[in-house]
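Report on one structure; see the data block that follows.
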Amino acid sequence: VPSTAGLIERYREWLPIGADDPVVSLGEGSTPLVHAPRLSDRVSGEVWVKVEGANPTGSFKDRGMTVAVSRAAAEGAQAVVCASTGNTSASAAAYAVRAGMRPVVLLPAGRIAKGKLAQAVVYGAEIVQVDGNFDDCLTVARKLAEHYPVALVNSVNPDRIEGQKTAAFEVVDVLGDAPDLHLLPVGNAGNVSAYWRGYRQYAEQGLSSRTPRMWGFQAAGAAPLVLGHPVAEPDTVATAIRIGNPASAELATAARDESGGRFEAVTDEEILDAQALLAATEGIFVEPASASGVAGLLKLHAAGEVAPGQRIVITVTGNGLKDIDTALSRHTLETTTVPADVVSVADRLGLEG
Ligand code: F0G
């Protein structure tokens, strides 16, 4: 299978897609696993970053969406619906229009990063802004799919988890075995569940010798799995994971416990610091929520809880360009211009010829 193939083509035998089923693909998966020398030095280990923002719509959601929309197409669906903090809606819209279906997206009004909203608009989604948070949107989306002819493509749809587990396959395929630790952000809790399923299946089939411990990180203002109970009014600058009642709480908790892992909270400041550090020292620009795994690594390392010498993979879930307002809010741009000549520019830079 060529490396440009989408992930259904590459991993079909592991997925609920029959030989004659339609495949709706935008060439997702095969994302870079980038060695991070600065982070590695810092924690005296070997740190790799799985850059999921390199997917066609800029987030890991495309892995689940190619499978969910392909399955929906096989079942003759005419419309799909999802609730979303932004990335799922961008992905659902792209794959649905590709399949000739109507994309309906329910969004928490005023809480979507602008890049993601732009994606939904330009892909041609039917956008319904809901007066409520993500959890409210998901409740409505589930009922809509139950009572009306629309297919639900949130991660409560098991096809989504199936597609997303392929990221764990790719990590093992590249590194040759599972890492010691896998860190990632946790919101609605589908992705940590998906990775765990992928790692387990590869180990069961003898394609890896072990499974990693799963470390999941939530934003401190939206940390129901850390607290052990839902949060009624979740809040964080990381709007992607502004979720108070994760749909996959049970699967995720099982992933944590079976893997010998942990879930921890990171503050908004820690998230934004990690976002800045990852961009400015490793050259990887991610959206705020996506930096929470890096924030978690730095936090637990500072607390003396990261043993040296480990192989660590961190998933960064979405592209930094999705939320430029938040990224730019911490920087001041030089506003005065210089004349268009080389001496003026060199002067401004403090360079001496
Ligand atoms: N990172 C990003 C960038 C996300 O968009 C999400 C979830 C997560 C992490 C958390 O993943 O929900 O599987 O635990 N975004 C969903 C959405 C909720 O609607 O786009 P999870």
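Just follow the structure's listing: the first ligand is 1, and inside any ligand the first atom is 1. Nothing fancy with the numbering, it's 1 onward along the sequence.
Checking side-chain atoms of Thr281 against main-chain N and O of Leu277 turns up a donor-acceptor pair under 3.5 Å.
Atom numbering of ligand 1 starts at 1 in the shown order; those under 4.0 Å from a heavy atom of Gly190 are 13 (O), 14 (O), 21 (P). The contact set between ligand 1 and Asn188, taken as ligand atoms under 4.0 Å from a residue heavy atom, comprises 12 (O), 14 (O), 21 (P). Under a 4.0 Å criterion applied to the non-hydrogen atoms of Thr85, ligand 1 contributes the atoms 15 (N), 16 (C), 17 (C), 18 (C), 19 (O), 20 (O). Within ligand 1, the atoms closer than 4.0 Å to a non-hydrogen atom of Ser84 are 17 (C), 19 (O), 20 (O), numbered from 1 in the order shown. Close approach to Asn87 involves these atoms of ligand 1, each under 4.0 Å from a residue heavy atom: 2 (C), 3 (C), 4 (C), 5 (O), 20 (O).
Distance from atom 9 (C) of ligand 1 to its nearest protein heavy atom, with residue and atom name: Thr317 OG1, 3.6 Å. Here the protein heavy atom with the shortest distance to atom 11 (O) of ligand 1 is Phe60 CZ, 3.4 Å. Here the heavy atom of the protein found nearest to atom 13 (O) of ligand 1 is Asn191 N, 2.8 Å. Closest protein heavy atom to atom 4 (C) of ligand 1: Ala240 CB, 3.6 Å.
In terms of N/O distances under 3.5 Å, ligand 1 is approached by Thr88. Taking any N or O of Lys61, backbone or side chain, at least one lies under 3.5 Å from an N or O belonging to ligand 1. Every N/O-N/O distance between Lys116 and ligand 1 stays at or above 3.5 Å. Ligand 1 has an N or O atom lying under 3.5 Å from an N or O atom of Gly187, backbone or side chain. On a distance-only criterion, Val186 and ligand 1 share no N/O pair closer than 3.5 Å.
Within the 4.5 Å cutoff, the side chain of His35 has heavy atoms near those of the Ser40 side chain. Residues Glu170 and Thr31 have side chains in contact (heavy-atom distance under 4.5 Å, counting atoms from C-beta outward). Using a 4.5 Å heavy-atom threshold, the side chains of Met101 and Val97 count as separate. Inter-residue side-chain proximity for Asp21 and Arg71 is flagged as met; some heavy-atom pair is nearer than 4.5 Å.
Counting non-hydrogen atoms of neighbouring residues, nucleotides and ligands closer than 6.0 angstrom, the CZ atom of Arg197 exceeds 12 such neighbours. The neighbour count for Glu334 CD, taken as heavy atoms of other residues, nucleotides or ligands under 6.0 Å away, is above 12. By the neighbour-count criterion of 12 heavy atoms within 6.0 Å, atom CD of Glu13 is densely surrounded, having more than that number from other residues, nucleotides or ligands. More than 12 non-hydrogen atoms from other residues, nucleotides or ligands lie less than 6.0 angstrom from CG of Leu207.
Contacts with ligand 1 closer than 4.0 Å are made by side-chain heavy atoms of Ile241 only, the backbone lying farther away. Contact annotation: for Ser290 versus ligand 1, heavy atoms closer than 4.0 Å belong to the side chain alone. Only the side chain of Ile243 comes within 4.0 Å of ligand 1, counting heavy atoms alone; its backbone N, CA, C and O stay farther away. Contact annotation for Gln164 and ligand 1: no heavy atom of the residue comes within less than 4.0 Å of the ligand.
Here the two rings, on Tyr11 and Phe169, have centers that are under 6.0 Å apart. Checked against the 6.0 Å centroid criterion, the rings of Tyr202 and Trp14 qualify as a close aromatic pair.
Residue contacts with ligand 1 do not include Ser59, since none of its heavy atoms lies under 4.0 Å from the ligand.
A salt bridge is defined here as a Lys NZ or Arg NE, NH1 or NH2 lying under 4.0 Å from an Asp or Glu carboxylate O, and Glu204 with Arg200 meets this definition.
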